[in-house]
Amino acid sequence: MPFPRVYRRSSERGDRKQIKKPSVSIFFSLSLPPQARPACKERFPAGSAPVIHRTRRGGAENPSPRDTALSFPHRHELVSFLAGSATARPFPRPTPVRQRQRAAMLRGCTAGPPGPLRRALPAAAPAVRLRLRECVVRIPEAGAVLDILEKCPESQRKGEFPVVVFEGLDATGKTTVTQSVKDALGAVLLRSPPACISQWRTIFDEEPTPIRRAFYAAGNYILASEIAKASTQAPVIVDRYWHSTAAYTIATETDGNIQNLPPDHDAVYKWPEDLLKPDLVLLLTVSPEERARRLEGRGLERTKEEAELEANSLFRQRIEESYRRMVNPACQEVDASPSKEEVFKTVLQLIKKHCAL
Ligand SMILES: Nc1ncnc2c1ncn2[C@@H]1O[C@H](COP(=O)(O)OP(=O)(O)OP(=O)(O)O)[C@@H](O)[C@H]1O
Ligand SMILES: Nc1ccn([C@H]2C[C@H](O)[C@@H](COP(=O)(O)O)O2)c(=O)n1
């Protein structure tokens, strides 16, 4: 079996742009203080954990790369870990037994969209947790997100007040209108990803789609518990939620024009069964020219994705069309090209009509 190149820590890989991301990171248990070990065991249930090393000199707390002899007492454990790693290459293949275990584990994660999109879009809380666990050795922040996620109650019930979500491409006016609606209704305004994890966003935005979207999906589940609590006190306005995660994933994982999207009614357009549902989802749309003007007027530096969105009209179309195909709840489209005051009036009327306010 060809052996992977080993770096001691990701920070020792030097310039990230010049060195390929590792296929897998190996976790050194002996360098952990004893009190941290139980937590690690929890994060790596049987079958997903890397088998750990020993050092040549016998258990130094901080082995240097030269002193370290990686040892995998059961080779199939390493193989299984590599195969299960979100960034692993197709080699080496898992043994049939491990393959069956892994398939069973994924089945236990409940339904998600079938095919490659299923991998990219973890559409249930257990699948989100599994994906984050798989990368926690390489991205410690995934562990921090997991810790927060695990503190959220599994089933979240909405309170008696309405929950309204705003969706749309960047610069369509979500921040502007959500602020006005919040003030008008005396509502609570929540954003996704929620503040408690948004500090790690830039880290996950650099990752491949399955890990990046697992972060946003985790954010949705964490946000759901905030929505559940807030909606017992007042109406809740939410800036982006599950539809963003799904639409951006679908658009990123497909190519070309909208004919290449999964067909209407595909499972990928369904709301996750275990995620709190809003009462109303409003999709703000503006023409590409108006959106470009607003982006320009806002004067903020564009993220990589925003630059891609501007340059690639097919990508934009795939996102918007994916939004339109979402069901239960579907998005209600709002033409957000008029003035701020007019958009606000339209939106308020829609909320009052749908939510009996
Ligand atoms: N109806 C409108 N007419 C003209 N300009 C608007 C309108 N709504 C918002 N804008 C302006 O467009 C810019 C983008 O708006 P905003 O930040 O609310 O968009 P957004 O959808 O929240 O973007 P992002 O998703 O990137 O956070 C801002 O400068 C805002 O003042
Ligand atoms: N629930 C969410 C929220 C956001 N995202 C992703 C979608 C885009 O990649 C990006 C846009 O965020 P913004 O620039 O408007 O802050 O964040 C997601 O996938 N799921």
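Both ligands and their constituent atoms are indexed starting at 1 by order of listing. Position 1 is the first residue of the sequence; numbering continues from there. Quick caveat, the model's predicted, so the values are computed rather than measured.
- For atom 2 (C) of ligand 2, the choice among Pro194, Ser192, Ala246, Gly219 with the nearest heavy atom turns out to be Ser192.
- Contact annotation for Ser337 and ligand 1: no heavy atom of the residue comes within less than 4.0 Å of the ligand.
- If you look at Lys304 next to ligand 2, there are no close heavy atoms at all, none under 4.0 Å.
- Remark: Asp279 engages Lys158 in a salt bridge, criterion side-chain N to carboxylate O under 4.0 Å.
- The pair Glu320-Arg316 fails the salt-bridge criterion, with no side-chain N (NZ, NE, NH1 or NH2) lying under 4.0 Å from an Asp/Glu carboxylate O.
- Judged by distance alone, the side chain of Arg325 and the main-chain N or O of His265 form no donor-acceptor pair under 3.5 Å.
- Scanning all protein heavy atoms for the shortest distance to atom 1 (N) of ligand 1 gives Pro338 O, 2.9 Å.
- Heavy-atom contacts of Arg212 reach the following atoms of ligand 2: 9 (O) (cutoff under 4.0 Å).
- Given atom 10 (N) of ligand 1, the protein heavy atom at minimum distance is Lys340 CE, 3.7 Å.
- Scanning all protein heavy atoms for the shortest distance to atom 15 (O) of ligand 2 gives Arg240 NE, 2.7 Å.
- Interface atoms of ligand 1 facing Arg240, defined by a heavy-atom separation under 4.0 Å, are 25 (O).
- In summary, the atoms of ligand 1 found under 4.0 Å from a heavy atom of Ser339, numbered by their order in the structure, are 1 (N).
- Two different hydrophobic clusters hold Ile227 and Leu357 under the rule that ILVMFWY side chains link at heavy-atom gaps under 4.5 Å.
- Considering backbone and side-chain atoms together, Asn220 places an N or O closer than 3.5 Å to an N or O of ligand 2.
- Note that CG of Leu223 and CZ of Arg240 are 13.0 Å apart. Values are rounded to the nearest 0.5 Å.
- Closest to atom 17 (O) of ligand 2 by heavy atom, among Arg302, Glu306, Arg201, His243, is Arg201.
- Atom-to-atom distance recorded for Leu280:CG and Cys355:SG is 5.0 Å, nearest 0.5 angstrom.
- In terms of protein heavy-atom proximity, atom 24 (P) of ligand 1 is nearest to Arg298 NH1, 3.5 Å.
- Of the polar atoms of Glu305, at least one N or O is found under 3.5 Å from an N or O of ligand 2, judged by distance alone.
- At least one heavy atom of Arg213 sits under 4.0 Å from some atom of ligand 2.
- Put simply, the side chain of Glu333 does not reach to within 4.5 Å of the side chain of Tyr323, judged on heavy atoms.
- Separating the CZ atom in Arg133 from the CZ atom in Arg129 is a distance of 6.5 Å, to the nearest 0.5 Å.
- In this structure, the protein non-hydrogen atom closest to atom 23 (O) of ligand 1 is Ala171 N, 2.8 Å.
- Using a 4.0 Å cut-off between a side-chain N of Lys or Arg and a carboxylate O of Asp or Glu, Arg293 and Glu296 do not qualify as a salt bridge.
- Using a 4.0 Å cut-off between heavy atoms, Tyr241 contacts ligand 2 through its backbone alone, with no side-chain atom that close.
- Counting atoms of ligand 1 from 1 in the listed order, those under 4.0 Å from a heavy atom of Thr176 are 9 (C), 15 (O), 16 (P), 18 (O), 30 (C).
- Checked for salt-bridge contact, Glu306 and Arg291 miss the test: no charged N lies under 4.0 Å from a carboxylate O.
- For ligand 2, the atoms lying closer than 4.0 Å to a non-hydrogen atom of Thr245 are 1 (N), 2 (C), 18 (C), 19 (O), 20 (N).
- Here the OG atom belonging to Ser180 is positioned 8.5 Å from the CD atom belonging to Glu341, to the nearest 0.5 angstrom.
- In terms of protein heavy-atom proximity, atom 21 (O) of ligand 1 is closest to Lys174 NZ, 2.8 Å.
- Looking at Asp170 next to ligand 1, no N or O pair under 3.5 Å apart turns up.
- At distances below 3.5 Å, at least one donor-acceptor pair connects side-chain atoms of Trp271 with backbone N or O atoms of Leu275.
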